[in-house]
Amino acid sequence: MNAFMAVVISKRSGSSRRAPNRFGVDRCLLAGLAAGLLFSLIGCEVGPDYHRPAMERPARFKSQDATRPAANAAITPQWWTLFHDPALDHLVAIANTYNQDLRAAIARVDEARALARIAGSYLFPTVTLDPTFTRAQTSGNRVSPITGQKTPAFTYNDWLVPFDLRYEVDIWGRVRRQLETVAAQARATAFDQSVIRLTVDTDVAVYYFTLRSLDAQRQILGQNVAAYREQVRIVTAQLKNGLISTIDVSQAQAQLNATLAQWRDIERARADEEHALATLCGRPAPLFSVAADPLLFTAPPQAPPGLPAQLLNRRADVAEAEQNLIAANAQIGVATADFYPVFTLTGSAGFESASVQNIFDWRSKIASIGPSFSAPIFEGGRLANNLEYTKARFREALAAYVKQLLIAYGDVENALTDLHALTDEARMLTAAVDSSKNYLRIARVQYFRGLVSYLTVIDAERTLLANQLSLSQTMNQQMSASVHLIQALGGGWTPQ
């Protein structure tokens, strides 16, 4: 509905007009505006209403522990505190404050919410003020259409202070469906921010535990380097005393150099990981550092997977896909409403007078109202094809929603499988490290007794070092799998 209200203040020299008496017409204008608002509120909304699509939902995850209750799926919003690591808590806080991807996501949320408020403003009339002043002189040769005689020239001032009011009667729900679309898009953007925040937090945790794993590997290699240097010193002394051959010294030196190369490569990898973590935390790499803290061989926290159906309310990416589906569904209603007439109401109300002194006199009131409507007759198939386009977009959004839910199920199953397998691997590698230490102890005793060659000692040392490094790497993978399980479950995100 369009409504137009104007206040005209006219000051003319040489003539005066009697203000038209239209008392009561302004009440007609208000009545028409009220009727339009009422029609907008009670009018129907064409197009389909949204219903969550039905799809197959598993009763439980096949990889979860059958001895744990499936319904207990509470995870604190600050899920990283489950690891009881103050350094990790500090890094996550820095990333949540300075990460640039997260800042951009927050800005996109503000943009989407502003667009939703803009769409909502079309439910209300728009009032504008456009005052003008005109000083004009008429022609002395102008012929009056009433008398047929020439009229004398005169000069007049025209003061115009219009209040324009514009409104559309949303009988078919086009504006409301458009608002539904934009509001759903705004919610989808907010859920996208949750996805990015969870990704940033999990990446910080994964990078941090990788750093600690590299610290542990560096410590293991450093201890072995010290032992190998002492070993080179011992076999060199034995060579001088003629107790062994040069081959034993060469083997010991080769083992030391190879371990030194491994140690240097770990240092390089740690530096690169620290630089990547600095970027993730939004800090300059030259000014960022994380203190060395070797990862201990401790079990990660066990996150309860809960029921598969809970992923609909816990995964922000699933919720984002559903909001996109809601927006696409509402767009079908917008396209459907385009087939129906658009009802408008034009009017004016205010005061008109030849002088300022009696502008607010009741006889100076003017008002008019004129309803109209516009209906599409021929659009060359544009409206029909636009409707088909929106329906196709809905089917596309539906497929994206179903796929995202399937991805969520797969993410949880993968994380559960990885966590269980890596837990078993860590237990087996711990036993392998203990056996390797015993193997090395026996090999050294037999070597000094002359029962075995130095190659047996070298093999025992290499076996122990490989198992120690493998255990450290598996522990890192186990911690990462625990983090990824929490991420797959939606982290600390809640519908509220």
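Worth knowing before you read on, the calculation uses all heavy atoms, side chains too, and leaves out hydrogens, waters and symmetry mates.
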Nearest 0.5 Å, please: how far is [atom2] in [Y] from [atom1] in [X]?
{"X": "Ile332", "Y": "Asp49", "atom1": "CD1", "atom2": "CG", "answer": "11.5 Å"}
{"X": "Trp80", "Y": "His90", "atom1": "CH2", "atom2": "NE2", "answer": "14.0 Å"}
{"X": "Tyr340", "Y": "Ser374", "atom1": "OH", "atom2": "OG", "answer": "16.0 Å"}
{"X": "Ser472", "Y": "Met475", "atom1": "OG", "atom2": "CE", "answer": "8.5 Å"}
{"X": "Tyr207", "Y": "Leu88", "atom1": "OH", "atom2": "CG", "answer": "14.5 Å"}
{"X": "Ile326", "Y": "Arg52", "atom1": "CD1", "atom2": "CZ", "answer": "8.0 Å"}

### Message
Test of understanding: with side chain to side chain donor-acceptor pair (under 3.5 Å), list the residues that count as partners of Asp265, not counting sequence neighbours.
### Response
Arg268
Between [X] and [Y] (side chain of the first, backbone of the second, donor and acceptor by atom type, cut-off under 3.5 Å), is there such a pair?
{"X": "Asn324", "Y": "Ala188", "value": "no"}
{"X": "Asn386", "Y": "Arg382", "value": "no"}
{"X": "Arg187", "Y": "Val182", "value": "no"}
{"X": "Trp172", "Y": "Pro341", "value": "yes"}
{"X": "Ser213", "Y": "Thr210", "value": "no"}
{"X": "Asn99", "Y": "Gly282", "value": "no"}

### Message
Strictly by side-chain hydrogen bond (donor to acceptor under 3.5 Å, both in side chains), give each pair with a member in residues 393-419 just once, sequence neighbours left out.
### Response
Ser63-Glu413, Ser63-Thr417, Arg315-Asp411, Asp317-Gln404, Tyr389-Arg393
### Query
Is a salt bridge present between Glu180 and Arg176, judged by a nitrogen-to-oxygen distance below 4.0 Å?
no
I'd like to know if the side chain of [X] pairs up with that of [Y] as donor and acceptor (distance under 3.5 Å, no hydrogens or angles considered).
{"X": "Gln478", "Y": "Thr423", "value": "yes"}
{"X": "Gln331", "Y": "Thr181", "value": "yes"}
{"X": "Tyr208", "Y": "Glu273", "value": "no"}

### Query
Is there a side-chain contact between Phe373 and Val342 (heavy atoms, below 4.5 Å)?
no
### Query
Should Thr390 and Val334 count as side-chain neighbours, where that means a heavy-atom distance under 4.5 Å?
no
Give the minimum heavy-atom separation between [X] and [Y], together with the two atoms involved.
{"X": "Arg174", "Y": "Asp338", "answer": "CD-OD1, 3.5 Å"}
{"X": "Arg113", "Y": "Ala186", "answer": "N-CB, 4.2 Å"}
{"X": "Thr138", "Y": "Pro152", "answer": "OG1-O, 4.0 Å"}
{"X": "Leu214", "Y": "Ile266", "answer": "O-CG2, 3.5 Å"}
{"X": "Ala397", "Y": "Ala328", "answer": "CB-CB, 4.1 Å"}
{"X": "Leu179", "Y": "Ala116", "answer": "CD1-O, 3.6 Å"}

### Quiz item: cation-pi between Arg283 and Tyr98, 6.0 Å / 45°
yes
### Message
Using side-chain contact (heavy atoms from CB on, under 4.5 Å), reason through Phe83 and Asp89 one step at a time and then give a plain yes or no.
### Response
CA-CA 9 Å; Phe83 293 90; Asp89 299 344; over 6 Å; no
### Message
Going by the rule side-chain contact (heavy atoms from CB on, under 4.5 Å), which residues pair with Arg197 if we only count those two or more places apart in sequence or in a different chain?
### Response
Asn96, Leu102, Ile106, Gln193, Asp201
### Query
Going through the distances and angles, do Phe61 and Leu416 end up as a side-chain contact (heavy atoms from CB on, under 4.5 Å)?
CA-CA 9 Å; Phe61 295 106; Leu416 286 170; 3.9 Å; yes
### Query
Given Arg212, which of Asp85, Val290, Asn476 fulfils the side-chain contact (heavy atoms from CB on, under 4.5 Å) condition?
Asp85
### Pair Gln185-Gln323, side-chain contact (heavy atoms from CB on, under 4.5 Å): steps then yes or no
CA-CA 6 Å; Gln185 291 171 345; Gln323 292 302 320; over 6 Å; no
